[in-house]
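In what follows, a structure is listed as C-alpha cells, so that the remarks can point back to it.
None of the values given here were measured: they were computed from a predicted structure. Computed from heavy atoms alone, side chains included, the values below leave out hydrogens, waters and symmetry copies. Proteins come first, then strands; the chains are lettered A, B, ... in the order of their sequence lines, and each starts at number 1.
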There are 2 protein chains.
Amino acid sequence: MTTQDLPSTAGNPESSGRTIPPASVARLTIYLRALNSLLAEGVERASSEELAEAAGVKSPMLRKDLSYLGSYGTRGVGYDVQLLTRTISARLGLTQEWRVAIIGAGNLGRALAGYSGFTTRGFEVAAIFDADPSIIGTEIGGLKIHNTADLETVLHRTGANMVVLAVPGRVAQDLCDKLVAAGITSILSFAPVVLQVPPHVQVRKVDMATELQILAYHAQRAQESELDSETRARKAQ
Amino acid sequence: MTTQDLPSTAGNPESSGRTIPPASVARLTIYLRALNSLLAEGVERASSEELAEAAGVKSPMLRKDLSYLGSYGTRGVGYDVQLLTRTISARLGLTQEWRVAIIGAGNLGRALAGYSGFTTRGFEVAAIFDADPSIIGTEIGGLKIHNTADLETVLHRTGANMVVLAVPGRVAQDLCDKLVAAGITSILSFAPVVLQVPPHVQVRKVDMATELQILAYHAQRAQESELDSETRARKAQ
DNA sequence: CCATGTGAATGCCTTCACAGCC
DNA sequence: GGCTGTGAAGGCATTCACATGG
C-alpha cells in the first residue's frame, strides 16, 4: 500500500479522515458522553480545559484526540458543543442505526436487554436468543426469545448487524463460530474465554473477573506498602 | 525515593517483586484462566507457545509478561501448570479472599450477584444494597438487600473491601463519595460516568455503551473500505 | 489576547533475536 | 536440542511547548 491509494480524503473535507488511534477512539466515546451532558444542560460552548475536566483527562490529550477528527474548534474561544457532538458521532459511526442481537437470555442477557443506555444512542435491540426450551417463546421487554438453533435465519430477518454474547464460557466459541458463519463481523462478548475469529471480525470483551483481579492486584500492593511503612516506622523507633 | 528503600526483594526470593506494567497485569488474568482450563484437563506442563495460543497472544509477549514475576519456567521444557497458577494467583493478590459489596440491585446488580465466576475465584459477595424501599429487605441468592442509607455500617459489619457499583449514572458519584468516605479503595463501576476519586482509590470502569461505540467505529470503517473498493473496481472497468 | 492545533520529545508497550540453561 | 528469559530495537501513546489564527 503506497501513499497513492489512500482513501478519498483529497477533495473531501467532510469525512476528513485517516484512521484514528485506538486509544483515541476509546476516549472519543467518553467525550461524547460529556458533550451530551453539556448539551442537556443547555451549554453551547466549552473549552478543551472544561471538556477535559469533565472527561477526566488532561486538556492537551483531549486536543490531540480531537485533532484526529480535523479542526472543529475556534482558537481563542473553544468548541461548539453541538457541532463537536455531531462530528464525533459521525466519525464513530453513530449516525447510522445499529441493530444488536443479544445471545443468551440469562440474568445478564435480561439486564442488557433492559439497559436503556443501549437504545438511547443509535443502538436498537433487534432480537434475543437462548438455547433453553423452557424460556424460548417467552418475552423480554416486548421481544420474543428465539431459539439459538434459528440463529442465522432470525439474524437476517431482523437485520441484526452486531451481537452481544452473554452466554456461559463453554458454549461461547461454538456460538461465535455460528455468528461468523452468519456474516456477523462485530461481537461484544461477556463470556470469560478467548474467542478465535477470522481477522475481519471485530471482537471486544467485557470481563468482570479480570477487572476484579486487576483491582485485587492494586489493593494487595497498597496493603504491602502500608505494611512496609509500618515496618520502617517500627525500625526507626 | 532512592534505590535503597525498594521493598524487601533482596533476600526474599518468594514474593519476588517489583511493580508489573499495567498491560501485563491485565494479561496475567487471562493466562490464569488458560492455566485453570489446563489444570482441569489434567495437563501438567505447557510451553510458552501453547499458553500463548490459549490466551490469544504471541509467545514472546507471554514470556516477557511472565518474566516480571521472576523465573518460574524450565528452559528446554516449559512451565509447570500448577506452579505457574499459584505464582500468578499469589502475585495478583488472589490468595487472600476479597469481600465484594454490590451496590444496586437492579437487573445488572442481580445478574452480578448470581454470577458464578465471582465466587469461584477468591471473590465473595459480602452484601447487596439498593435505595428502593420496595425491594429493601428482600433476598437475592440468600443475601438480604440493605438500604444504601446504611452503607457505612453494613460495609464494616460484613467486612467488604471491594465494591461493584451497578447504579444509574446520576447517583453514581454520590454513592462513590460515600464509599470513599467509608474507606473503600477498590471500585468496579458499571455506571456510564467518569467518577472523581482521591488518588489512593482505584476505580475501574466497565462500559457497554463505549464498547459498542468502538465496534461501530470499526464496522463503519469496514463498510467504507468496502465501498471504496467497489468504486475502484467500477472505475477500473 | 486567548485557546486551539500540532511538531517534537518523552515514556511505555511490544516485538525481535539470541544468550543462557536444562 | 529446545525453550525460557531478556537486552535491544521499534512502534504507539502521551505530554510538552509553542506557533497559529480568530
Legend entry - pair B:Leu165-B:Leu179: side-chain heavy atoms closer than 4.5 Å: yes
Legend entry - Check: A:Asp65/A:Tyr31 side-chain N/O donor and acceptor closer than 3.5 Å: yes
Inset, instruction - Locate the shortest heavy-atom distance separating A:Met61 from A:Val57; write the atom from each residue and the value. - result: CE-CG1, 4.2 Å
Legend entry - Donor-acceptor contact present, side-chain B:Asn161 to main-chain B:Trp98, <3.5 Å: no
Legend entry - side-chain hydrogen bond (donor to acceptor under 3.5 Å, both in side chains) between A:Thr29 and B:Thr210, intermediate numbers included: CA-CA 6 Å; A:Thr29 68; B:Thr210 285; 3.2 Å; yes
Legend entry - Spacing between A:Leu69 atom CG and C:dT4 atom P, to the nearest angstrom: 14 Å
Legend entry - For DNA chain C, the residues among residues 44-56 of chain A that have a non-hydrogen atom under 4.0 Å from it: A:Ser47, A:Ser48
Legend entry - Where chain B begins and ends its contact with DNA chain D, read 5' to 3' at 4.0 Å from heavy atoms: D:dG2 to D:dA8
Inset, instruction - Report the distance from atom CD of B:Gln220 to atom CZ of A:Arg91, rounding to the nearest 0.5 Å. - result: 8.5 Å
Protein N or O to nucleotides 16-22 of chain C N or O, pairs below 3.5 Å:
| from | atom 1 | to | atom 2 | distance (Å) |
| --- | --- | --- | --- | --- |
| C:dG20 | N3 | B:Arg75 | NH1 | 3.0 |

Inset, instruction - Give a yes or no answer on whether the side chain of A:Ser47 reaches the backbone of A:Glu50 with a donor-acceptor pair at less than 3.5 Å. - result: yes
Indicate every side-chain donor-acceptor pair of residues 35-46 of chain A with a distance under 3.5 Å to a residue at least two apart or in another chain.
| from | atom 1 | to | atom 2 | distance (Å) |
| --- | --- | --- | --- | --- |
| A:Asn36 | ND2 | A:Leu32 | O | 3.0 |
| A:Ser37 | OG | A:Arg33 | O | 3.3 |

Legend entry - Separation of atom CZ in A:Arg18 from atom P in C:dG5, rounded to whole Å: 18 Å
Legend entry - Within residues 23-34 of chain A, residues whose heavy atoms come under 4.0 Å of DNA chain D: A:Ala23, A:Arg27
Compile the donor-acceptor pairs under 3.5 Å between side chains in residues 182-201 of chain A and protein atoms, sequence neighbours left out, one pair per line.
| from | atom 1 | to | atom 2 | distance (Å) |
| --- | --- | --- | --- | --- |
| A:Ser189 | OG | A:Ala191 | N | 3.1 |

Inset, instruction - Please report, rounded to the nearest Å, how far the P atom of C:dT4 is from the CG atom of A:Leu83. - result: 14 Å
Inset, instruction - Starting at atom CG of A:Asp65, determine the distance to atom C1' of C:dT6, rounded to an integer number of angstrom. - result: 13 Å
Legend entry - Under 3.5 Å: donor-acceptor pair, side chain of A:Tyr217, backbone of B:Ile20: yes
Inset, instruction - Would you mind reading off the distance between A:Tyr68 atom OH and C:dG7 atom C1', rounded to a whole angstrom? - result: 12 Å
Inset, instruction - Quickly, which of A:Arg63, A:Glu53, A:Lys64 forms a side chain to side chain donor-acceptor pair (under 3.5 Å) with A:Ser48? Name it, please. - result: A:Arg63
Legend entry - Heavy-atom neighbours of B:Lys58 NZ exceed 12 at 6.0 Å: no
Inset, instruction - Flag the pair B:Ile103 / B:Val164 as yes when at least one side-chain heavy-atom distance between them is below 4.5 Å, and no otherwise. - result: no
